[in-house]
2 protein chains.
Amino acid sequence: MPRHVDKVFKALADPSRRELLDRLHANNGQTLGELCEGLHMTRQAVTKHLVLLEAATLVVTVWRGREKLHYLNPVPISEIYERWIGKFERHRLRALHQLKKGLEENSYD
Amino acid sequence: MPRHVDKVFKALADPSRRELLDRLHANNGQTLGELCEGLHMTRQAVTKHLVLLEAATLVVTVWRGREKLHYLNPVPISEIYERWIGKFERHRLRALHQLKKGLEENSYD
DNA sequence: ACAATAGGCAACCAAAGAGTTGCATGTCAA
DNA sequence: TTGACATGCAACTCTTTGGTTGCCTATTGT
């Protein structure tokens with residue numbers, strides 16, 4: 001496995017960072033300010049999280065004037081999946097997931 | 001997302017625990033003693049890691065006499081994947097992964 | 001039966017991590 | 001050009017966590 005995987009897992013370990021990823025997944029290309037809205041922590045805390053996510057290449061950024069736009073990068077997450085899921089388990093797991101999604105209604109973390 | 005996801009991500013955040021998962025992926029159903037072999041830490045440290053992996057349901061255990069057998073459970077990892085990978089990105093990502101696997105030779109962490 | 005084997009529990013320590021406050025820099029718009 | 005806005009940098013605090021040592025329990029095989 002490439003050396004950066006540790007950064008990816010560490011980045012995913014925090015619920016605040018996962019929420020940031022969720023927000024980008026729902027609405028890609030947001031600024032720092034937008035990502036801070038309605039969050040129970042300071043802007044500086046969010047900045048730190050985004051720095052880690054960027055170091056892990058889970059988030060990619062583009063400067064537009066004084067604004068920094070943040071985009072979700074799905075590649076590292078795909079690599080996690082490929083690491084421990086055997087070729088033949090994939091069909092079964094995908095089916096299982098679809099089933100669960102049908103049954104359980106959201107109680108997100 | 002179910003409440004236990006935090007445990008899963010926290011469990012995956014440590015390289016020692018990921019190595020334990022790799023070992024189980026390579027050779028499922030090992031005892032604590034076997035999992036300790038050739039590791040640079042004490043048995044008690046490994047125990048702690050396995051406790052966390054078990055709490056995250058990434059590892060399932062079965063007692064056989066005085067031996068505790070450990071098995072890898074791929075379901076939680078599948079759930080991570082499903083969370084942030086859009087339906088239409090999957091084909092592309094799978095292809096990308098196969099390509100990378102062909103190019104790069106291992107330098108595992 | 002009993003020594004060796006397989007594993008569990010608890011207290012402790014040092015390092016990493018998440019969050020804060022305060023100040024600095026750079027860009028836009030009037 | 002200058003004030004307001006968007007973000008960056010640094011020091012400090014408190015909690016979490018990975019690892020250790022020491023001792024205890026249970027199962028096995030001779």
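Side chains included, hydrogens not; waters and symmetry mates left out as well; all remaining heavy atoms used.
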### Task
Report yes or no: does B:N73 contribute a side-chain atom to a donor-acceptor pair with the main-chain N or O of B:V60 at less than 3.5 Å?
no
### Query
Between the main-chain N or O of B:Q30 and the side-chain N or O of B:H70, is there a donor-acceptor pair closer than 3.5 Å?
yes
Is [Y] close to [X] at the side-chain level, that is, under 4.5 Å between some pair of heavy atoms?
{"X": "B:N27", "Y": "B:E34", "value": "no"}
{"X": "B:L50", "Y": "B:L35", "value": "yes"}
{"X": "B:L39", "Y": "B:E19", "value": "yes"}
{"X": "B:L32", "Y": "B:R43", "value": "yes"}
{"X": "A:V59", "Y": "A:L21", "value": "yes"}

### Query
Apart from A:Y71 itself, what residues make up its hydrophobic cluster, given side-chain heavy atom links below 4.5 Å?
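A:V62, A:L69, listed by chain and number.
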### Nearest non-hydrogen partners of B:V8 and B:A56, listed with the distance
CG2-O, 3.5 Å
### Message
I'd like to check the side-chain contact (heavy atoms from CB on, under 4.5 Å) partners of B:D14; sequence neighbours left out, ordered by chain and number.
### Response
B:S16, B:R17, B:H49
If I take atom [atom1] in residue [X] and atom [atom2] in nucleotide [N], what distance separates them, rounded to the nearest angstrom?
{"X": "A:E19", "N": "C:dA18", "atom1": "CD", "atom2": "P", "result": "15 Å"}
{"X": "A:E67", "N": "D:dG8", "atom1": "CD", "atom2": "P", "result": "12 Å"}
{"X": "A:L20", "N": "C:dA18", "atom1": "CG", "atom2": "P", "result": "12 Å"}
{"X": "A:L12", "N": "C:dG17", "atom1": "CG", "atom2": "C1'", "result": "16 Å"}
{"X": "B:D6", "N": "C:dG17", "atom1": "CG", "atom2": "C1'", "result": "14 Å"}

### Query
Does any residue of residues 53-66 of chain A have a heavy atom under 4.0 Å from DNA chain C, and if so, which ones, in number order?
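Within this stretch, A:G65, A:R66 sit under 4.0 Å of the strand.
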#### Entry: Separation between CD of B:E54 and NZ of B:K68, rounded to the nearest 0.5 Å
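It comes to 4.5 Å.
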### Query
Between CG of A:L58 and NZ of A:K7, what distance do you get to the nearest 0.5 Å?
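The CG atom of A:L58 sits 11.5 Å away from the NZ atom of A:K7.
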#### Entry: nucleotides 16-21 of chain D: protein proximity per nucleotide (B base, S sugar-phosphate only, - neither; heavy atom, under 4.0 Å)
-SSBBB
### Task
Kindly calculate the angle separating the two end axes of the helix from C:dA1-D:dT30 to C:dA30-D:dT1, each obtained from five base pairs, and round it to 10 degrees.
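The end-segment axes of the helix from C:dA1-D:dT30 to C:dA30-D:dT1 are tilted 30° relative to each other.
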### Message
Would you say B:L72 ends up clustered with A:I80 if hydrophobic residues are merged whenever their side chains have heavy atoms under 4.5 Å apart, either directly or through other cluster members?
### Response
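A:I80 and B:L72: one cluster.
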### Query
Looking at DNA chain D, which of residues 27-37 of chain A put a heavy atom within less than 4.0 Å of it?
A:T31, A:L32, A:G33
